[in-house]
Amino acid sequence: QVQLVESGGGTVQAGGSLRLSCAASGSIFSILVMDWHRQAPGKQRELVARITPGGTTNYADSVKGRFTISRDNAKNTAYLQMNSLKPEDTAVYYCTVSGLYWGQGTQVTVSS
């Protein structure tokens with residue numbers, strides 16, 4: 001069983017930054033694929049970023065160059081650094097372990 005605790009969401013002006021955190025329970029964090037997803041009102045859920053156990057990262061085209069996913073295995077935590085935020089980034093952001101375990105979601109609101 002894996003449990004995830006998300007934090008770092010909030011409201012920010014366009015052009016600002018936020019860092020989301022996702023803390024995972026258990027002792028096998030280092031072998032888990034960690035993803036960030038988001039869902040905005042009226043939009044389909046999309047995969048935003050992924051980091052593999054080996055550190056390989058992938059990003060949606062809409063966030064590439066602005067967002068950075070990282071992990072700290074010693075802290076069992078994954079991060080999503082979000083820079084140059086745009087109003088269209090407004091969504092509920094979720095972390096997930098290999099699509100099997102999900103966090104509760106954290107709201108990100110970007111004002112214009």
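Counting from 1, the numbers follow the sequence of the chain as shown.
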Original post:
Is the shortest heavy-atom distance from the side chain of Tyr101 to the side chain of Leu32 under 4.5 Å?
Top reply: no
**OP:** Following the transitive rule for hydrophobic clusters with a side-chain heavy-atom cut-off under 4.5 Å over Ile, Leu, Val, Met, Phe, Trp and Tyr, establish whether Ile31 and Phe29 coincide in one cluster.
**Re:** yes
Subject >> Minimum-distance pair of heavy atoms, taken over all atoms of Pro53 and Ser30 >> reply: CB-O, 3.3 Å
Original post:
Are the side chain of Gln107 and the backbone N or O of Gly9 linked by a donor-acceptor pair below 3.5 Å?
Top reply: no
Original post:
Is Thr90 reaching over with its side chain to a backbone N or O of Val110, donor-acceptor style, under 3.5 angstrom?
Top reply: yes
Subject >> CG on Asp35 to CG on Leu100, rounded to 0.5 Å >> reply: 11.5 Å
Original post:
Looking at Leu85 and Val12, what are the two nearest heavy atoms and their distance?
Top reply: CD1-CG1, 3.5 Å
Subject >> Cluster overlap Ile69 with Val92, hydrophobic side-chain contacts below 4.5 Å >> reply: no
Subject >> More than 12 heavy atoms of other groups within 6.0 Å of Gln3 CD >> reply: no
**OP:** Would you give the length of the straight line joining atom CZ of Arg19 to atom CE of Met82, rounded to the nearest 0.5 angstrom?
**Re:** 13.0 Å
Subject >> NZ-OG distance between Lys86 and Ser112, expressed to the nearest 0.5 angstrom >> reply: 14.0 Å
Original post:
Are any of the side-chain heavy atoms of Asn73 and Arg71 separated by less than 4.5 Å?
Top reply: yes
**OP:** Kindly work out whether a path of hydrophobic side-chain contacts (I/L/V/M/F/W/Y, heavy atoms less than 4.5 Å apart) joins Tyr79 to Trp36.
**Re:** no
Subject >> Close side-chain approach of Met34 to Val97, heavy-atom, < 4.5 Å >> reply: yes
**OP:** Look at the rings of Trp102 and Tyr94 and say which category their plane angle falls in: under 30° parallel, 30 to 60° tilted, over 60° perpendicular.
**Re:** perpendicular
Original post:
Hey, does Ser62 have a side-chain heavy atom less than 4.5 Å from the side chain of Arg38?
Top reply: yes
Original post:
Between atom CG of Asp89 and atom CG of Leu18, what is the distance when rounded to the nearest 0.5 Å?
Top reply: 10.0 Å
Original post:
To the nearest 0.5 Å, what is the distance between CD (Glu6) and CG (Leu20)?
Top reply: 8.0 Å
Original post:
At what distance, to the nearest 0.5 angstrom, does OH of Tyr93 lie from SG of Cys22?
Top reply: 15.0 Å
Original post:
Same hydrophobic cluster for Phe67 and Val33, using side-chain heavy-atom links shorter than 4.5 Å among ILVMFWY?
Top reply: no
Original post:
Does the Ser84 side chain pair with the main chain of Arg66, one donor and one acceptor, at a distance under 3.5 Å?
Top reply: no
